[in-house]
Structures are given as structure tokens and as C-alpha cells.
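Have a look at this one before I ask anything.
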Amino acid sequence: MTHKMDSRFDHKKLEPEIYKNWEISGFFNPDNLIKKGVIKKNAKKFSMVLPPPNVTVILHMGSAFMLVIEDIMVRFNRMRGKKTLWVPGTDHAAIATESKVVKLIQKKERKSKHDIGREAFLKRVNDFAIESRATIISQTKAMGSSLDWSREAFTLDDKRNLAVRTAFKRMYDDGLIYRGDRVINWDPKGQTTISDDEVIYKEVKAKLYTFKYSKDIPISIATTRPETKLGDTAIAVHPKDERYKKYIGKTFDAEFAGEKISLKVVGDRNVDPKFGTGALGVTPAHSIIDWEIAKVNNLPIKQVINEYAQMTVGIEGVKGEKTAIARKAVVEWLKKNNLLEGEEEIDQNISTAERTGAIIEPLPKLQWFVDVNKEFIIPRSSIKGIRSGQRTTLKKLMRTAVKNGQIKFVPKRFEKSYFHWIDNLKPWCISRQIWYGHRIPVWYRKNTKGKLQNERIYVGVDKPRGSGWKQDPDVLDTWFSSALWTFSTLGWPLDWVKGKAKKGSDLETYHPTSILETGYDILFFWVARMILMTTYNLGEIPFETVYLHGLVRDEKNRKISKSLGNNIDPLDMIALYGADAVRMSLIIGTAPGGDSKISEDKIRGYRNFSTKIWNASRFVLMNYDKTITARPVYTKYDKDALKQLERIKKTVTEDLENLQLHRAGEKLYHYFWHTFADKIIEKSKPRLNSKKLSERAAAQKVLLTILTETIKMLHPFMPYVTEEVWSLLPNGHNAKKNLLMIEKW
RNA sequence: GGGCGAUUAGCUCAGUUGGCUAGAGCGCUUCGUUUACACCGAAGAGGUCGGGGGUUCGAGCCCCUCAUCGCCCACCA
């Protein structure tokens with residue numbers, strides 16, 4: 001029997017065809033695996049959700065890396081006969097998407113979102129998201145990802161919106177979501193608040209100015225931001241500081257750069273007597289710490305900077321100016337009035353917004369928060385160590401689910417970061433002053449009773465009856481909806497009745513999910529918040545294992561980014577070398593939690609491997625003569641080779657079960673190329689021509705057996721070339737001409 | 001300031017509970033068109049596993065210490 005095989009695997013032509021066949025088979029959907037009898041109805045489950053890519057970004061090496069790791073896990077488990085589900089979706093990514101579309105419109109039409117109006121603007125963003133989603137899906141498919149597209153979700157679709165509103169309402173009723181007036185991180189560019197986690201610190205050189213507010217005030221203070229001092233309402237000193245003790249309780253008045261200020265001297269133990277002058281000008285409206293000092297000491301709060309980072313008070317050159325310009329003007333004013341006592345260059349960490357890069361301006365604002373320390377009663381809990389009906393807090397839930405071993409991290413060291421983060425966790429600010437996202441399910445109505453005016457608040461899943469209600473204009477932090485992802489994609493809240501999953505629902509079958517695989521960079525943003533939301537809303541863990549991967553870097557160990565010009569586009573690489581090669585090169589040499597080093601050389605190397613697989617298969621098939629019916633007589637070498645194969649099977653299986661994908665891949669690579677192709681095939685050549693048919697039968701049988709088994713094991717790693725080879729194997733070796741993807745491991 | 005990690009061949013990295021005569025890919029040297037594959041094969045050079053100390057019959061792996069690099073968190077006005 002001879003095969004007409006080219007000497008190359010034509011990935012460009014065959015990969016899309018093969019993917020189509022997989023899709024037609026329907027086997028990405030576990031329901032079909034049961035229906036067609038591939039697996040039993042009561043087979044063990046293996047479920048995963050895809051970390052939904054932002055609709056703003058096209059596929060990059062980072063997402064390719066994630067897709068490969070997850071697809072290997074999924075394909076392996078599917079072949080092991082598990083009821084395997086991998087749920088795809090995309091993330092609306094509120095701020096990121098909105099600011100992208102704002103920029104696009106600004107560039108093309110020179111219009112702001114306000115020019116267009118809320119409703120029309122949202123339609124534009126939505127159109128953008130739909131288009132983007134289509135691109136992402138086709139790219140995800142090109143990687144060979146065996147996702148169940150029939151269950152595809154979007155963090156902002158109707159079902160997910162219902163989940164968001166339901167969760168919000170529950171948390172509000174439990175007192176875990178509250179509205180509070182506090183100094184928050186304001187992004188003047190994005191015109192919105194952001195959470196503490198979205199603040200990025202950058203080290204810069206700054207000047208520390210030492211000065212007096214006026215000649216009549218005996219205390220000097222130091223600051224890097226003189227312009228904010230127009231909003232000072234107090235001077236804080238350490239209560240035991242001998243220099244200043246005598247002033248505590250006194251109030252000084254002054255006119256500072258055109259603004260009348262009144263400063264009360266207060267004692268506060270948080271003031272470091274050794275820093276600067278040992279006295280701190282308290283600016284409650286523009287510093288989170290000062291806000292806290294103000295609360296404790298009952299100080300007035302005076303805002304002097306607006307949402308555009310402009311001064312609202314002060315002399316000419318200060319009022320109406322951006323803070324950076326006003327700062328210089330205030331320093332000039334200090335000099336002119338002989339109040340400046342010194343300036344010193346220091347290193348300072350300034351806070352910037354993760355998405356827009358703008359310098360954060362702390363401002364007092366009325367916002368919605370999630371309280372992680374407030375006690376509530378959890379109606380039902382399967383978290384070990386927390387009983388149903390027990391009083392607990394979100395923080396305790398988050399900690400317990402990991403501490404008790406129900407959720408395991410791979411690599412384990414990330415558990416430490418996780419606990420550290422929880423320990424430092426403050427209220428989570430969830431409201432955003434943008435338009436794109438889940439609108440906060442809160443309505444307000446002004447009531448007038450006689451002379452009394454008050455505002456009524458209604459929080460609910462749906463809008464209240466009656467007229468005059470206005471919905472809160474803000475939307476939720478995008479992570480609020482992604483935090484629900486593991487269960488909102490499986491049918492919560494509709495399939496969740498009386499604290500239990502409906503019989504036969506996805507929620508019952510697939511929750512908790514088996515593994516959550518994602519990048520360590522969103523451990524806090526996402527993983528921790530999923531644990532929070534799932535333990536709270538379901539009383540269950542969201543996943544049994546958290547597997548974290550690192551960044552993709554280039555051969556010089558630099559982060560891959562467009563601005564560095566070292567961007568390797570996975571789609572270009574797929575076109576050149578095939579998806580199998582790209583997949584292998586991302587996996588090999590990358591331990592869990594580690595960064596993946598990629599280069600075109602490396603990809604080329606694995607393309608060569610793919611060709612090697614192809615040609616070794618070609619050789620075996622060319623030499624397979626089915627007319628030989630002689631009983632094979634195996635040599636010791638044959639037996640040893642088959643024994644070795646069994647050993648490889650065992651250790652590769654173990655590695656995959658232990659999530660050591662890189663080791664399994666490396667072993668297979670090495671075994672296939674340097675043992676099977678270089679040694680076993682070479683040694684078989686004379687025997688394949690032997691006059692003794694029993695010898696020929698043995699040789700070809702051994703080759704075919706090893707080929708069949710290695711192709712199977714390589715399938716999760718290199719699904720395309722292996723599926724194609726599989727289809728060419730003689731009958732009896734590829735069972736009933738089934739697809740390799742559902743072959744039993 | 002607190003925490004985590006890395007340091008293994010020229011380069012990029014594997015090496016899970018200590019048993020290695022220390023591996024891979026790329027690169028390098030020499031040779032080779034033979035029933036698949038030159039996107040190939042054969043042979044080879046190249047490492048005191050960051051320094052020092054300790055535990056052990058035995059340490060790249062465990063403990064202590066120093067050095068360098070990286071990351072995360074907090075943030076002093």
C-alpha cells in the first residue's frame with residue numbers, strides 16, 4: 001500500500017480544513033460526545049472557561065500562549081474520556097474599549113462622545129465590539145482551539161447583564177455594596193474613577209519644596225505639590241514632637257497665593273517627625289491619607305482642583321490652570337513673598353492610570369464600593385471551614401477557599417501573593433463615570449413633601465415602577481462582570497434556584513470548573529475577584545486549580561510590545577510555519593508560572609519538527625504492506641522498543657496530569673525525533689526488505705504501533721498534523737476512521 | 001519599606017518530593033545525497049550548575065550567608 005503524500009505538510013491548506021472538520025463533528029460540545037456515544041453520560045467532567053479577551057485587542061502572542069496551554073489541557077482531558085467543556089467568550093473591557101472608540105471618533109470625525117450623545121455613542125462602541133469579536137474568533141480558531149462555540153458568551157450580553165444586576169442587588173441587600181463619599185483615584189484623561197488596582201506607580205524626579213504659608217505662621221512644611229496647598233485646612237504634626245507640641249489646637253489664618261486659608265494644628269501619630277520639617281500640610285480633598293486625617297480630626301474638606309486637573313481658585317496664573325502650570329506659579333509666588341525656604345530634588349512615585357497613562361488626581365467623590373470586611377450571613381456554603389448560615393466576610397471567604405486547599409495554585413508560590421493581597425485589601429471602588437459597561441442598577445427619585453426634599457434610592461434587578469426614577473449614570477468596573485464569568489457563563493442566575501443548581505443544567509454539571517488558566521498579571525484583578533464573587537453568590541469555589549502562566553518575551557528577554565517594534569504576530573507565524581509550530585514553540589521550555597521566550601528561529605525549529613512527523617509517517621505508511629499476513633516474529637530490539645514506548649506513555653500522561661505541559665512536550669519531541677525517527681526507523685530499514693515475511697511483518701507492525709501511539713500523544717500539542725496523519729493510517733489503526741481528537745488516550 | 005522569584009553550555013531555557021556520568025533548542029566545528037525528511041543524518045567542541053559556608057553516604061536540587069538582576073505590593077507629605 002502506497003500513500004501519495006507530499007514531502008511537506010501543507011499547513012496553509014490543511015489546517016483550516018481540519019478545523020472545519022472538527023467543528024462539523026460537533027465534538028467541541030460535550031453534549032454531542034454523549035449523544036454520539038463517545039463518552040458515557042456519567043463520565044467525569046473537565047471544564048474550563050476561556051479568559052475572555054478584550055474586544056479592543058487582536059490576537060497577540062500573549063493570547064496565543066494562553067490558548068495553547070488551555071487547548072492542550074482540554075484536548076488531553078477530552079481524549080481521556082472526560083465530559084470536556086471549554087467555554088469561549090469576549091470581554092467588553094469598559095474603559096479600554098470606550099477610550100479606544102473615543103479616540104477613533106475624535107480622529108476621524110473630530111467629535112467627542114458628548115457631541116454624539118450617550119445612546120448613539122453606545123451603539124458605535126457596540127458595533128466596534130461586534131466587529132472586533134469576529135476577528136478575535138477567527139484568530140482563536142486559527143490557533144486550533146477546541147472551544148465549544150455553541151456556548152459562547154460576552155461579558156456585556158443580556159444573560160451576563162442579568163447576572164451582574166442580580167449579584168449587585170444581593171450584595172447591596174447584604175450591605176456589602178454601599179455608596180460612599182471618599183477621596184478616590186480620579187483619571188482626568190479618562191474622566192472616571194479607577195480602583196486601587198488600576199493605579200500604576202512610576203518613579204520620577206520631583207522637587208520637594210520647603211516653605212511657610214505666611215510670615216505669621218511659625219511652622220514650615222514640605223511638599224512636592226505646592227498648588228494643592230490652597231486646599232489645606234490643617235497642619236498635622238506628631239503629638240510628641242517637642243518643636244510643635246505647643247501649637248496643637250491653635251488655628252492660623254493666611255492668604256495663600258490668592259486664597260484665604262484657615263489651618264488648624266492637629267496632632268497625628270502617622271506624621272513622621274523625621275521627614276521634611278516634621279509638619280504636614282493637610283489637604284483633605286486631594287490626598288487619600290489627608291482625607292483620613294481630616295475624618296479623624298473633623299476637619300473641613302476643601303476642593304481646589306476640578307475633574308480636569310485644573311485649579312479652581314488662586315491668583316492669576318493659578319486659577320483655571322492645569323496643576324503642573326499652577327505649581328510653577330505658586331512657587332514663583334512663594335519666592336516673591338520670601339516664603340520659600342528650600343527646594344530639593346527627590347525620587348518620587350507618582351500614580352498613573354493603567355489604561356490612559358494619565359496622572360491620577362485624588363478627588364473627593366460619591367462612589368459605589370464593595371466592602372470586603374463587613375459581616376453578613378452566608379446562606380449556603382460548601383467551602384470547608386465556613387458553614388451554611390454562618391457570619392462571615394468576603395475577605396474570610398476569599399482566604400478560606402485557598403487556605404483550606406480547595407483551590408490550588410500552580411505554581412504554589414502565587415498563593416503567597418494572593419494572601420498578601422487579601423491582607424492589604426481595601427474597599428473596592430466599582431463605579432466608573434463612563435458610558436460603556438453595565439449600568440449600575442440603582443435608581444433615584446426626588447421627593448418633595450411640603451418643604452422637605454429628599455432623594456429616594458431604589459436598588460433592584462429591574463427598574464422600579466412609577467415615574468420620576470432616574471438611573472444612576474455610572475457603569476460598573478469591568479472586573480465586576482468578569483468576576484462572575486465562571487458561573488454567569490454556565491447559566492447563573494436562571495439555573496440557580498433556592499441556592500442550588502437546577503438538575504441537569506450546565507451549572508450543576510460543570511461548576512466548579514476544573515482549572516482556571518490565566519496570566520499571573522491578572523491574579524488580583526480577576527482570579528481573586530472570581531473567588532470573591534463565586535464564594536459569595538454560590539457558596540462554592542469557582543475552580544479547583546489555578547494555573548498561572550507568564551508573559552511572552554522575545555529572545556532578548558524583552559516584553560513583546562508594539563512600541564518596542566519586537567512584535568511577532570502569531571498570525572504571520574501561523575501563515576509561515578503553521579499553528580502546530582507556533583503552539584510547540586510557546587510551550588517548550590516554559591515551566592508553569594514562567595515567561596515564554598519566543599523567536600522566529602524557535603518557531604522555525606518546531607515547523608521542522610512538524611515536517612519530521614510528516615515524513616516519518618510517510619515512510620511508515622509507504623512501507624506498510626497490508627498483504628503480508630505472516631505472523632510477526634519480534635526481536636529483542638522490537639520488544640525493548642515497545643517497552644520504551646510504554647514508559648514514555650506513562651510518563652507523558654503523568655506530566656500532563658501534573659500540568660507539566662512543557663515536560664510532556666519535550667519528551668515527545670525528543671522521543672519522536674531522536675529515538676523513533678533517528679534510531680528505530682533507521683534500524684528497521686533492512687528488515688523491511690527482508691525476504692522473511694515474518695521479519696517484515698514484525699518491523700512494519702512495530703513502526704506502525706509506535707507511530708499510532710506517538711501521534712495520539714502529540715495530538716494535544718500539535719493537533720493539525722497529527723489529525724491529518726491519523727486520517728491516513730490504515731484501517732484498524734485509526735479505529736472506525738474516527739477523528740483523532742476523540743480517540744481514547 | 002514589605003514580599004516573591006531568578007542566577008545551569010556562546011544565546012534562550014528545562015531539570016516536581018536530593019541518586020546526573022548535568023540536558024534541550026538555536027548557534028558553532030567536521031563529515032555525509034543511503035527506501036521518508038537538507039525544514040535531513042552522523043560525529044564533536046562547549047558547563048568548577050552566581051560566590052562562600054553547612055546538612056548528607058550522596059546537593060543544580062535542602063539550610064545559612066553574600067552578590068547581581070527582575071517582578072509584585074505599600075508609599076513620606
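Lettering of chains follows the sequences in order, A, B, ..., and the numbering in each one begins at 1.
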May I have the list of side-chain donor-acceptor pairs in residues 280-287 of chain A shorter than 3.5 Å, sequence neighbours left out?
residue: A/Thr283; atom: OG1; partner: A/Lys229; partner atom: NZ; Å: 3.2
residue: A/Thr283; atom: OG1; partner: A/Asp232; partner atom: OD1; Å: 2.5
residue: A/His286; atom: ND1; partner: A/Pro362; partner atom: O; Å: 3.3
residue: A/His286; atom: NE2; partner: A/Val304; partner atom: N; Å: 3.0
residue: A/His286; atom: NE2; partner: A/Ile305; partner atom: N; Å: 3.3
residue: A/Ser287; atom: OG; partner: A/Ile289; partner atom: N; Å: 3.4
residue: A/Ser287; atom: OG; partner: A/Asp290; partner atom: N; Å: 3.1
residue: A/Ser287; atom: OG; partner: A/Asp290; partner atom: OD1; Å: 3.3

Side chain A/Arg327, main chain A/Pro226, donor-acceptor under 3.5 Å
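Absent.
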If I take atom CG in residue A/Asn270 and atom P in nucleotide B/C76, what distance separates them, rounded to the nearest angstrom?
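Interatomic distance, CG of A/Asn270 to P of B/C76: 11 Å.
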Given Watson-Crick or G-U pairs with both distances under 3.5 Å, what dot-bracket string fits RNA chain B, with | for other-strand pairs and [ ] for crossing?
(((((((..((((.....[...)))).(((((.......))))).....(((((..]....))))))))))))....
Name the residue closer to the 5' end of RNA chain B, choosing between A/Leu688 and A/His662 according to the nucleotide with the nearest heavy atom.
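Between the two, 5'-proximity favours A/His662.
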A/Thr233 side chain to A/Pro300 main-chain N or O, any donor-acceptor pair under 3.5 Å?
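Yes; judged by distance alone, with no hydrogens or angles, the pair exists.
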Given B/A24, B/A36, B/C73, identify the nucleotide with an atom nearest to the side chain of A/Ala677.
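Comparing B/A24, B/A36, B/C73 against the side chain of A/Ala677, the answer is B/A36.
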Out of B/A36, B/C75, B/A14, whichever nucleotide has its closest atom nearest the side chain of A/Glu682:
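Of all the options, the side chain of A/Glu682 is nearest to B/A36.
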Between B/A74, B/A38, B/A42, which nucleotide has the shortest distance from any of its atoms to the side chain of A/Arg8?
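Given the options B/A74, B/A38, B/A42, the side chain of A/Arg8 is closest to B/A38.
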Can you figure out which of B/A74, B/G25, B/C76 approaches the side chain of A/Tyr669 most closely?
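Among B/A74, B/G25, B/C76, the one nearest the side chain of A/Tyr669 is B/G25.
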In the 5'-to-3' direction, what one-character label does each nucleotide of nucleotides 2-10 of chain B receive under the scheme B = base within less than 4.0 Å of a protein heavy atom, S = sugar-phosphate only, - = no such atom?
--SS-----
Classify the side chain of A/Asn424 and the base of B/C73 as holding, or not holding, a donor-acceptor pair under 3.5 Å.
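Donor-acceptor pair under 3.5 Å: no.
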Measuring from the side chain of A/Ile289 (C-beta onward, heavy atoms only), which nucleotide among B/C37, B/C75, B/C26 has the closest atom?
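Nearest to the side chain of A/Ile289 among the choices is B/C75.
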Nearest-Å distance, CE (A/Met622) to P (B/C37)?
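Whole-Å distance recorded here is 7 Å.
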What is the distance from CD of A/Glu292 to C1' of B/A77, rounded to the nearest Å?
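Value for this atom pair: 14 Å.
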Length of the line joining A/Lys426:NZ and B/C73:P, which is rounded to integer Å
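Going from NZ in A/Lys426 over to P in B/C73 covers 13 Å.
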Between P on B/C26 and CD1 on A/Ile588, what's the gap in Å once rounded to a whole number?
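To the nearest whole Å, that distance equals 12 Å.
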Which pairs with one or both residues in residues 266-286 of chain A pass salt bridge (Lys or Arg N to Asp or Glu O under 4.0 Å), sequence neighbours excluded?
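For residues 266-286 of chain A: none.
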For RNA chain B, whose closest nucleotide is more 5', that of A/Lys274 or that of A/Arg604?
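Per heavy-atom nearest nucleotide, the more 5' residue is A/Arg604.
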Check the distance between B/C75's P and A/Phe275's CZ and give it to me in whole angstrom.
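To the nearest whole Å, that distance equals 15 Å.
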Heavy-atom count around A/Lys302 NZ within 6.0 Å, excluding the residue itself: above 12?
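Atom NZ in A/Lys302 is packed in, count exceeds 12.
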List the residues meeting ring-ring contact (aromatic ring centres under 6.0 Å, His included) with A/Phe414, not counting sequence neighbours, and say none if there are none.
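Checked A/Phe414 against ring-ring contact (aromatic ring centres under 6.0 Å, His included); matches are A/Tyr520.
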Please check if the side chain of A/Arg583 supplies one atom and the backbone of A/Phe717 the other of a donor-acceptor pair under 3.5 Å.
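Checking the backbone N and O of A/Phe717 against the side chain of A/Arg583, a donor-acceptor pair under 3.5 Å is found.
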Does a side-chain N or O from A/Lys612 land closer than 4.0 Å to OP1 or OP2 of B/G41, or not?
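Yes, within the criterion.
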Anything under 3.5 Å between a donor and an acceptor, one on a side chain of residues 196-203 of chain A, the other on a protein residue two or more places apart or in another chain? List them.
residue: A/Asp196; atom: OD1; partner: A/Asn185; partner atom: ND2; Å: 3.0
residue: A/Asp197; atom: OD1; partner: A/Trp421; partner atom: NE1; Å: 3.1
residue: A/Asp197; atom: OD2; partner: A/Arg529; partner atom: NH2; Å: 3.1
residue: A/Glu198; atom: OE1; partner: A/Ser195; partner atom: N; Å: 2.8
residue: A/Glu198; atom: OE1; partner: A/Ser195; partner atom: OG; Å: 3.0
residue: A/Glu198; atom: OE1; partner: A/Arg432; partner atom: NH2; Å: 2.7

